[in-house]
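This report concerns only the one structure given below.
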Amino acid sequence: MTAEPDLEVVPGAEWLRGQPVVDGLVGLLDLEAIETDIFRGISPKIALQRVFGGQVAGQALVAAGRTVDTDRLVHSLHSYFIRPGDPSIPIIYTVERIRDGRSFSVRRVLAIQHGQPIFTLSASFQLPQGGIDHQATMPPAPAPEELPTLAERYEGYDDLWAVMRQIPQAFDVRYVDDPPWVQRVQGPRESQPHRIWLKADGTLPDDPLLHICVVTFASDMNLLDSVLIHHGLAARLDPISMASLDHAMWFHRPFRADDWLLYVSSSPSASGGRGLATGQFYSRDGRLVASVTQEGMIRLPNA
């Protein structure tokens with residue numbers, strides 16, 4: 001599951017974004033039930049050579065959620081990427097009902113292609129409950145409307161933009177801090193977290209599970225950037241190989257994925273050809289709504 005898209009460049013391809021692309025993402029997450037606790041998902045019809053990790057994680061979470069009472073909301077997931085996914089064929093998701101207790105339900109999902117597992121996910125769901133409440137404070141950041149668009153961030157990087165513009169963009173992404181391809185010129189940035197505003201670039205249905213699955217999808221898009229920025233590296237500009245290895249998330253408070261969320265990430269460690277990244281999602285009014293941790297393979301030539 002590559003952290004960066006790997007696709008063939010089609011000259012003159014238009015950048016697709018907005019409500020039609022968001023509707024396409026909703027459709028991508030609407031799995032087909034083919035048997036009890038067995039679902040089928042497809043990949044978007046673009047020239048990706050591997051399935052995007054956030055896609056299979058989001059679809060697996062949808063599969064798990066389809067087997068749980070709707071009054072139980074997912075509060076955590078833990079997953080491993082096992083093999084690269086093939087975007088040319090469907091992915092089969094099998095769900096194992098581990099336990100249904102008075103307050104919690106646990107599910108395990110296996111994603112299969114070509115008769116082999118490519119991804120595994122465990123998720124826990126909980127009935128809403130009260131209790132103690134505290135959170136970390138959201139770091140300061142300019143309003144998203146004051147920041148450059150993604151297309152503006154790629155100005156002067158025509159080769160990169162020629163690739164990225166071919167990926168239908170379901171999210172409006174605004175970098176608070178310089179993205180890796182810009183930071184690379186300035187050198188490593190070690191001391192401050194990496195901040196991005198993002199939201200679905202359109203309106204989503206009201207289903208709370210869908211909003212969680214959309215953010216699960218988005219959480220894999222930029223998380224390993226915090227590892228690269230720490231070393232002044234950028235995918236496609238430097239000869240590095242990257243892939244997501246595992247992914248864990250915790251969902252703390254209700255949110256909408258079509259409202260602005262501040263995604264703050266940092267990298268506490270990199271060693272042994274792996275980089276660790278952690279992140280937090282804050283709503284615009286400062287509520288900590290989700291946390292994420294991921295380790296990725298990051299290999300340099302001859303390392």
Side-chain angles (χ1 to χ4, degrees), residues 16-34 37-44 51-79 90-93 95 104-109 111 119 121-128 167-173 197-223 247-263 279-284 287-292:
L16 301 177
R17 54 171 298 187
Q19 189 65 52
V21 182
V22 172
D23 293 342
L25 175 59
V26 173
L28 194 72
L29 295 172
D30 187 15
L31 304 182
E32 176 189 2
I34 58 177
D37 297 346
I38 302 176
F39 304 86
R40 177 162 47 208
I42 60 172
S43 298
V51 175
F52 171 58
Q55 173 197 319
V56 70
Q59 288 180 334
L61 188 57
V62 169
R66 294 276 178 87
T67 70
V68 176
D69 291 342
T70 57
D71 58 352
R72 299 190 177 209
L73 301 178
V74 60
H75 70 88
S76 70
L77 66 85
H78 300 263
S79 62
I91 305 172
I92 302 301
Y93 297 92
V95 181
F104 293 88
S105 293
V106 179
R107 298 291 185 265
R108 185 161 54 211
V109 183
F119 176 82
L121 173 143
S122 295
S124 181
F125 299 75
Q126 180 189 15
L127 284 169
I167 303 173
Q169 181 56 258
F171 298 92
D172 190 345
V173 177
W197 285 105
L198 61 80
K199 70 179 184 69
D201 196 18
T203 302
L204 293 168
D206 291 334
D207 179 8
L209 177 62
L210 175 63
H211 286 258
I212 288 175
C213 292
V214 167
V215 165
T216 299
F217 183 105
S219 67
D220 192 38
M221 294 195 306
N222 308 101
L223 187 53
H247 197 86
M249 296 190 73
W250 297 263
F251 303 97
H252 311 302
R253 295 168 180 84
F255 62 87
R256 290 191 64 92
D258 50 7
D259 288 338
W260 285 110
L261 297 170
L262 183 66
Y263 191 12
Q280 297 81 37
F281 286 90
Y282 293 89
S283 62
R284 191 161 185 169
R287 292 178 301 113
L288 177 61
V289 299
S291 300
V292 57

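Any value given below was found using the heavy atoms of this structure, including those in side chains, with hydrogens, waters and symmetry copies removed. Please read these numbers as outputs of a predicted model, since none were measured by experiment.
- Annotation for F251 and T216: closest pair CZ-OG1, 3.5 Å, computed over non-hydrogen atoms.
- The structure places CG of D220 at 5.5 Å from NE2 of H247, a figure rounded to the nearest 0.5 Å.
- When all heavy atoms are compared, the tightest approach of S76 to W250 is CB-CD1, 3.7 Å.
- Rounding to the nearest 0.5 angstrom, the gap separating the NE2 atom in H75 from the CZ atom in F125 is 9.0 Å.
- Put simply, the side chain of D201 does not reach to within 4.5 Å of the side chain of Q169, judged on heavy atoms.
- Atom CG in L29 sits 9.0 Å away from atom CG in L209 (nearest 0.5 Å).
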### Query
What's the verdict on side chain to side chain contact (heavy atoms under 4.5 Å, CB included) for H252 and V289, showing C-alpha distance, side-chain angles and the deciding distance?
CA-CA 5 Å; H252 311 302; V289 299; 5.8 Å; no
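- With contacts defined as side-chain heavy-atom distances shorter than 4.5 Å, the pair S219/Y263 qualifies.
- In this structure, L262 CG and Q280 CD are separated by 9.5 Å, a value rounded to the nearest 0.5 Å.
- Minimum heavy-atom separation, L288 to R253: O-NH1, 2.8 Å.
- Side chain of R17 to main chain of D172: no donor-acceptor pair is present (N/O by atom type, distance under 3.5 Å, no hydrogens or angles).
- A donor atom on one side chain and an acceptor atom on the other are not found under 3.5 Å apart for H78 and S122.
- Here CG of D23 is found 8.5 Å from CG of L204. Values are rounded to the nearest 0.5 Å.
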### Test side chain to side chain contact (heavy atoms under 4.5 Å, CB included) applied to K199 and D258, step by step
CA-CA 5 Å; K199 70 179 184 69; D258 50 7; 5.7 Å; no
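- Taking the side chain as every heavy atom from C-beta outward, F119 and V109 never approach each other to under 4.5 Å.
- Taking both residues in full, the closest heavy atoms of L261 and S283 are given as CD2-CA, 3.8 Å, listed atom of the first, atom of the second, then distance.
- Side chains of I92 and I34 form a contact here, defined as non-hydrogen atoms less than 4.5 Å apart.
- Of all heavy-atom pairs spanning A170 and V22, the tightest one is O-CG2, 3.4 Å.
- Within the model, atoms CG of L61 and CZ of R66 stand 11.0 Å from one another, a figure rounded to the nearest 0.5 Å.
- For R107 (side chain) and T67 (main-chain N/O), a donor-acceptor pair under 3.5 Å exists by modelled atom type.
- For the pair D206 and R256, the salt-bridge criterion is met [side-chain N within less than 4.0 Å of a carboxylate O].
- In this structure, F171 and F217 have parallel ring planes: the angle between them is below the 30° cut-off, well short of the 60° mark.
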### Message
Between F281 and M249, does the side chain to side chain contact (heavy atoms under 4.5 Å, CB included) criterion hold? Intermediate values first, please.
### Response
CA-CA 11 Å; F281 286 90; M249 296 190 73; 4.2 Å; yes
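- Taking each heavy atom of L28 and Q55 in turn, the nearest pair found is CD2-CG, 3.9 Å.
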### Task
Just do the side chain to side chain contact (heavy atoms under 4.5 Å, CB included) check on Q19 and T203 with the steps written out, would you?
CA-CA 7 Å; Q19 189 65 52; T203 302; 3.9 Å; yes
